[in-house]
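Structure record follows, encoded as structure tokens.
Order of the sequence lines fixes the chain letters, A, B, ..., with proteins taken first and strands second; residue numbering starts at 1 for each chain. Just so it is clear, the structure is predicted and the values come from calculations on it, not from any experiment. Worth knowing before you read on, the calculation uses all heavy atoms, side chains too, and leaves out hydrogens, waters and symmetry mates.
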2 protein chains.
Amino acid sequence: MAYQRSALMQERLAENRERILRAARTLVAQGGFRDASINAVAAAAGLSTGALYRYFPSKADLFVEVLTEAVRRECAILREIIAKPGTADQRLRAAVESFARRALEGPHLAYAFIAEPIDPEVDAARILCRQEFSDVFKTVLGQGVASGEFPPQSVDVAAACIVGAFTEALVRPVAPTTPRSKDEKLVTAIVDFCARAVAGIPVAPAKQPKRQRV
Amino acid sequence: MAYQRSALMQERLAENRERILRAARTLVAQGGFRDASINAVAAAAGLSTGALYRYFPSKADLFVEVLTEAVRRECAILREIIAKPGTADQRLRAAVESFARRALEGPHLAYAFIAEPIDPEVDAARILCRQEFSDVFKTVLGQGVASGEFPPQSVDVAAACIVGAFTEALVRPVAPTTPRSKDEKLVTAIVDFCARAVAGIPVAPAKQPKRQRV
DNA sequence: TCACAAATTTAACCAGGATTCATTTTATAC
DNA sequence: GTATAAAATGAATCCTGGTTAAATTTGTGA
């Protein structure tokens, strides 16, 4: 027999798979995992529930992939930002700002990826993803502490605090959706908070710090 | 007719109600809302499932009460702490430390009260509770900013960040339960992080800051 | 065009957990 | 002690949402 799928067909299948992942991500971004039932995802992807199971063996598998994929992208962006030249303070600010700005696009998404529980299997994957996030922030923090730009501190805890701080600050206004105009101020306030927290900079939000403390 | 419950009986009923609330809180503290099914709560309280519905009209109602009650207590403690004399820095540190220390007793509880979703009705109640938490922290922050002890900042965002920071830092280790010996360092690191974040204090974790900046 | 493999649909199926209700037990009033 | 109201039980019911599978459609190779 040696049954062979035509290139066109293969592409269509791959497209379906992508559509499912996209639909799942969109639904999570809009209403969290709660609104992302298999039925809803399938419908949003333009497929039947049954068809979805030809692409993903279970709901958990689907969302593990959605999660890791999104985190992979996010971390790549952040790593790129902190690899650029500049002080640790500048790079940390840039990373937090970028992260926060993207999270504002879909607050539920950020929340779901960091905290919202669904399934023990997915939760397990989340722990690994968080580790990846944390590592990115730890890198800058470690550099800043090593160079004396930041005071000595627990970089592990600080990294977690940064993630938590801006998650809470961004995600809370999910219920009464805040006007888009306030976003800028919110981002600035969060960035400043985190920067002060790790650097101990009294005022000067957006200025170049440059001083080296030991 | 005029059926009248004896004092003894009334007391027993009130005790049952209390027992249910206590059981629910304990179960949430141990394993989050996920482990706090109506059956489990009833069993833990030494009652049948049916009986529980004589005391609470629905699961949502029960947990709304558990939530608001716990938050009420917590806020009372915090308000007391920040009403004591001392610098804003000292009082903020004391409040965060107290909060963190109690959260470590039952990390799931803290998490469940701040983030874990169960039911739209409960989530709505949570928003009000968070407001209350936030208000407590805002009080100290506002005082510190007004007196010039803290640099100017968005006290709303900073309050949210504080809650988020230590939630994330405390709750994350829920999966692989960290050794109790590390708790002290963790609490210290979190307190320092928050203190630096609002005050911009470079080093000096537990010392008296006292300097007034304008 | 026919035979067969793969994909898809649709309609059950099933599990877990909240809620209800007929029945039993316990408390109160006379 | 008896009758009645309240409380408690625990099994039955219902609902939600993930999963499966028989039947159907579509694609592939001769």
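- B/Phe133 and B/Phe99 have their aromatic ring centers within a separation under 6.0 angstrom.
- Considering A/Glu74, A/Arg79, A/Gln131 as possible partners of A/Val136, the one that fulfils the side chain to side chain contact (heavy atoms under 4.5 Å, CB included) test is A/Arg79.
- Rounded to whole angstrom, the span from the CD atom of A/Gln10 across to the C1' atom of D/dT28 amounts to 13 Å.
- Rounded to whole Å, atom C1' of D/dG17 lies 15 Å from atom CG of A/Leu27.
- Of the residues in residues 28-40 of chain A, none lies under 4.0 Å from DNA chain C by heavy-atom distance.
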Distances under 3.5 Å between protein N/O atoms and the N/O atoms of nucleotides 8-10 of chain C, please, pair by pair.
residue, atom, partner, partner atom, Å
C/dT8, OP1, A/Asn16, ND2, 3.2
C/dT8, OP2, A/Tyr55, OH, 3.0
C/dT9, OP2, A/Ser48, N, 2.9
C/dT9, OP2, A/Ser48, OG, 2.8

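- Annotation: side chain of A/Leu21 is in contact with side chain of A/Val66 (closest heavy-atom distance under 4.5 Å).
- Distance, A/Glu11 CD to D/dG27 P: 14 Å, rounded to whole Å.
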Please list, one pair per line, the donor and acceptor atoms closer than 3.5 Å that link side chains of residues 7-18 of chain A to other protein atoms, with sequence neighbours excluded.
residue, atom, partner, partner atom, Å
A/Asn16, OD1, A/Arg19, NH2, 2.8
A/Asn16, ND2, A/Tyr55, OH, 2.9
A/Arg17, NH1, A/Glu65, OE2, 2.8
A/Arg17, NH2, A/Glu65, OE1, 3.1

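- Side-chain contact between A/Val64 and A/Val122 is present, with heavy atoms from C-beta onward closer than 4.5 Å.
- For the pair B/Ile118 CD1 and C/dG16 P, the interatomic distance rounds to 20 Å; values are reported in whole Å.
- For the pair B/Phe137/B/Val155, no side-chain contact is recorded, criterion being any heavy-atom separation below 4.5 Å from C-beta on.
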Enumerate, atom names and distances included, each donor-acceptor pair closer than 3.5 Å involving a side-chain atom of residues 34-43 of chain A, sequence neighbours excluded.
residue, atom, partner, partner atom, Å
A/Arg34, NH1, B/Asp123, OD2, 3.3
A/Arg34, NH2, B/Asp123, OD2, 2.7
A/Ser37, OG, A/Ala40, N, 3.1

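- A salt bridge (Lys or Arg N to Asp or Glu O under 4.0 Å) check over residues 134-146 of chain B, counting only residues at least two apart or in different chains, returns the pairs B/Asp135-B/Lys138, B/Lys138-B/Asp156.
- Atom OH of A/Tyr53 and atom P of D/dA22 are 17 Å apart (whole Å).
- Separating the CG atom of A/Asp61 from the P atom of D/dG18 is a distance of 14 Å, rounded to the nearest angstrom.
- In terms of the side chain to side chain donor-acceptor pair (under 3.5 Å) criterion, A/Thr26 has no residue partners (sequence neighbours excluded).
- Per the geometry, NZ belonging to A/Lys59 stands 15 Å off P belonging to D/dT16, to the nearest Å.
- Rounded to whole angstrom, the span from the CG atom of A/Asp119 across to the C1' atom of D/dT19 amounts to 13 Å.
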